[in-house]
Number of protein chains: 2
Amino acid sequence: MNRRRTGGARVKATIYSIARELDISASTVSRAFSRPDMVNAKVRERILATAQAQGYELNRAARGLATGRTGLIGLVVLDITNPFFPPLVRAVERAASESDTSVMLLDAESGGQKAADQLKRLSAQVDGLIVASPRLATKDLQAAVGSTPTVLVNRSVRGIPSVTCDNSAALREAGDHLVELGHRRILLLRGPAGSWAASQRTNAVRSWAQHTSADVELVELGPVEATYEAGWHAAEAIAASGATAIMAFDDYLACGVVGGLDEQGLSVPDDRSIIGCDDVLLARTLTPQLSTVTAPFEELGARAVTMLSEVSAGGAPGNQKLSGVYAPRGTTGKV
Amino acid sequence: MNRRRTGGARVKATIYSIARELDISASTVSRAFSRPDMVNAKVRERILATAQAQGYELNRAARGLATGRTGLIGLVVLDITNPFFPPLVRAVERAASESDTSVMLLDAESGGQKAADQLKRLSAQVDGLIVASPRLATKDLQAAVGSTPTVLVNRSVRGIPSVTCDNSAALREAGDHLVELGHRRILLLRGPAGSWAASQRTNAVRSWAQHTSADVELVELGPVEATYEAGWHAAEAIAASGATAIMAFDDYLACGVVGGLDEQGLSVPDDRSIIGCDDVLLARTLTPQLSTVTAPFEELGARAVTMLSEVSAGGAPGNQKLSGVYAPRGTTGKV
DNA sequence: ATGACAAGTGCAATCGGTTGCATCGCATTG
DNA sequence: CAATGCGATGCAACCGATTGCACTTGTCAT
């Protein structure tokens, strides 16, 4: 591998070894790879052929040193084991590979100072950052990313481009659906304090409850962490609340609630209805399938990558808003 | 950021800018970072202080060019959306960060030629590769990784160090548990063709069935893909098989079976018992919780990283075997 | 024929570290 | 006191690409 095949000597293939073999300058070889249109088609072809023969692989470090860019983007997720993130990671990775860019993954796993440090360290190594659902305080976040081109996913912060998902219309629709099914007392299980998405969703549901023509009574519980366990533990209070339907911050939490309600002897959707958010894997593996608001993961990831390259190019894309779609499934039923 | 604070000129901080300010040579500055023990403690401290003051960040590309190493390892997973992988990714990432190494993630997502190409491309950019559960044919795999230091997770291939999880004892235990509960006709739902883990588990279960003193009758179904849908669709055949208990290739599949059985009007564990494997998130979010064989994700990831650094250092660690543990939970009941 | 212009190529400097080797000062030893 | 050794440092040559600039050719209009 990576060695010359012709001639006895086994040397690492570089643009120089190629140049020597073809008796041209290394600049031309370099350009054949980095700006193909600048070199004569015939020459380019001979270069490519020789490169192939020598097993040449471009040395990213050398390029990086010369250009100041690494060809890497950092993807920071709050918690890779949260089912929200894997589809996003996949989407980002695919989109990035389109532009010959690789993804460095950072599992931030905590919102504290450590997360900020990790972020800062990472940011020195990459061309840009995609930060998904960070819990960092606004100013810490701004400080941590510094001047590194950054795109936020699922959070909006002044001065940093972002791509978010606006679920308010879908949540209204979900609420209306519950009303239609006869629910009047509805419990909002609020997501984590410090989560931008959680406050967005809370506001959306509150606003819906306030403006709907039906006389719904909105009960709130939380904030709670977005985990199965938290949902499970919330079930007792939920059962006691008298609400017949629950709108949970996300699917993960919602699944926990379903499990916890079961423990309380309550079944879904017969005794209680519940609606999640995001449409993660869990939503479909739940029996019955979870009624939820689907998030466009693929699109979120792809846009983030596109926007990031715009930022890197000096642009300042605004904040893109996508929309969730309400998907009624098996966990919503009549009162 | 990254600029000198002292003196009007704003230049990028490098070992040279630090050296100049302290009137020492750049070599010493370099050594202060890469081999601290080689430089006088006092000098080192002044260097660190100046670096701090100038906002110096080591340029990885430059180091990489000089040393030939990138400080990156590539982590290749079969399918990041499969709940098996996120915990592993996290474990690898944490272990890697211990040694100041970053992780490049590649979601292989297919077993074909494309996967091989991706692998090859990635391998040129990293110091080493951790490849989890690849489906590539043995020789394609060997060819793709070439001479890049590689550690396999959850698969064993001649000539490549690996860390795997031996579940045979745990599966025997699981089988015995089923027998104890009165099950005699047990269905083995086989995992994907081409999956090393699947064949291991199949063999383990077969061997158990053959050697157990009880007169169990083992029915086999599959191979099927390791997805929820596949499990769901298998449920009909499972229901018809007359088996009262199912041992599924993994949890993901098992959850699908539970969902599908529900559709068939069969409930778990009352009508059928089922045991999964791996103990992924889904196992605990299922109601009732899935009886399964837990995999030591943390350990798998950590070992893989350790072994990889051994390989990089020229060693040839063998194949490490960890063990799963049978965890009876809610999906196994009396006949 | 002449100048203008464009395309294609080469030269050489540059990016920012690392490291083998030489050197120097100083302490230890005979 | 000279010789030896060692720890600490500097010198300078790399690592392998990119790129501004200069140069050569060929084409085309004048």
Side-chain angles (χ1 to χ4, degrees), chain A residues 1-4 9-48 50-51 54-72 100 124-127, chain B residues 1-4 9-48 50-51 54-72 100 124-127:
Chain A
M1 284 300 129
N2 242 12
R3 308 281 163 179
R4 264 225 246 195
R10 298 296 219 219
V11 296
K12 181 120 72 9
T14 68
I15 55 170
Y16 298 104
S17 68
I18 297 175
R20 210 175 314 125
E21 182 155 335
L22 294 178
D23 200 30
I24 57 182
S25 95
S27 324
T28 302
V29 178
S30 171
R31 283 191 272 254
F33 293 105
S34 53
R35 324 218 325 225
D37 48 312
M38 282 188 69
V39 359
N40 182 295
K42 285 184 177 167
V43 178
R44 191 195 321 143
E45 244 166 77
R46 293 173 55 215
I47 292 175
L48 262 29
T50 309
Q54 292 192 4
Y56 171 75
E57 299 270 4
L58 189 137
N59 182 322
R60 304 258 170 190
R63 167 179 285 185
L65 180 55
T67 61
R69 279 171 304 104
T70 58
L72 297 173
D100 198 30
Q125 290 188 56
V126 298
D127 294 339
Chain B
M1 287 302 132
N2 243 11
R3 308 282 166 179
R4 266 225 246 195
R10 299 294 218 222
V11 296
K12 179 120 75 7
T14 68
I15 55 170
Y16 297 103
S17 68
I18 296 175
R20 210 175 313 125
E21 183 156 333
L22 294 178
D23 201 28
I24 56 182
S25 95
S27 324
T28 303
V29 179
S30 170
R31 283 191 271 256
F33 292 105
S34 53
R35 326 224 315 230
D37 48 312
M38 282 188 69
V39 358
N40 182 294
K42 284 185 177 163
V43 178
R44 191 194 323 143
E45 243 165 77
R46 293 173 55 215
I47 291 175
L48 261 28
T50 310
Q54 292 191 6
Y56 170 75
E57 301 268 5
L58 189 138
N59 182 322
R60 304 258 170 190
R63 167 178 284 185
L65 180 55
T67 62
R69 278 170 306 103
T70 57
L72 298 173
D100 197 30
Q125 291 189 56
V126 299
D127 294 339

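Computation of the quantities below employed the complete heavy-atom set of this structure, encompassing side-chain atoms and omitting hydrogens, waters and symmetry-equivalent molecules. Proteins come first, then strands; the chains are lettered A, B, ... in the order of their sequence lines, and each starts at number 1.
- Between the CD atom in A:Glu21 and the CD1 atom in A:Ile47 there is a gap of 11.5 Å [rounded to 0.5 Å].
- No more than 12 heavy atoms of other residues, nucleotides or ligands sit less than 6.0 Å from atom CZ of A:Arg46.
- Between B:Asp127 and B:Arg69, the shortest heavy-atom distance links the atoms OD1-CA, 3.3 Å.
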Encode nucleotides 10-19 of chain D as B, S and - characters from 5' to 3', where the letter depends on protein heavy atoms closer than 4.0 Å: B to the base, S only to sugar-phosphate, - to neither.
BBB--BBBBB
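- Between A:Asp100 and A:Arg60 there is a salt bridge, with a side-chain nitrogen of the basic residue lying less than 4.0 Å from a carboxylate oxygen of the acidic one.
- Under the 4.5 Å side-chain criterion, counting only non-hydrogen atoms from C-beta, B:Tyr56 is in contact with B:Ile15.
- The closest side-chain heavy-atom distance from A:Asp37 to A:Arg35 is below 4.5 Å.
- Using a 4.5 Å cut-off on side-chain heavy atoms (C-beta onward), A:Ile18 and A:Gln54 make contact.
- First and last contacts of DNA chain C with chain B, using any nucleotide atom under 4.0 Å from a protein heavy atom and ordered 5' to 3', fall at C:dG16 to C:dG20.
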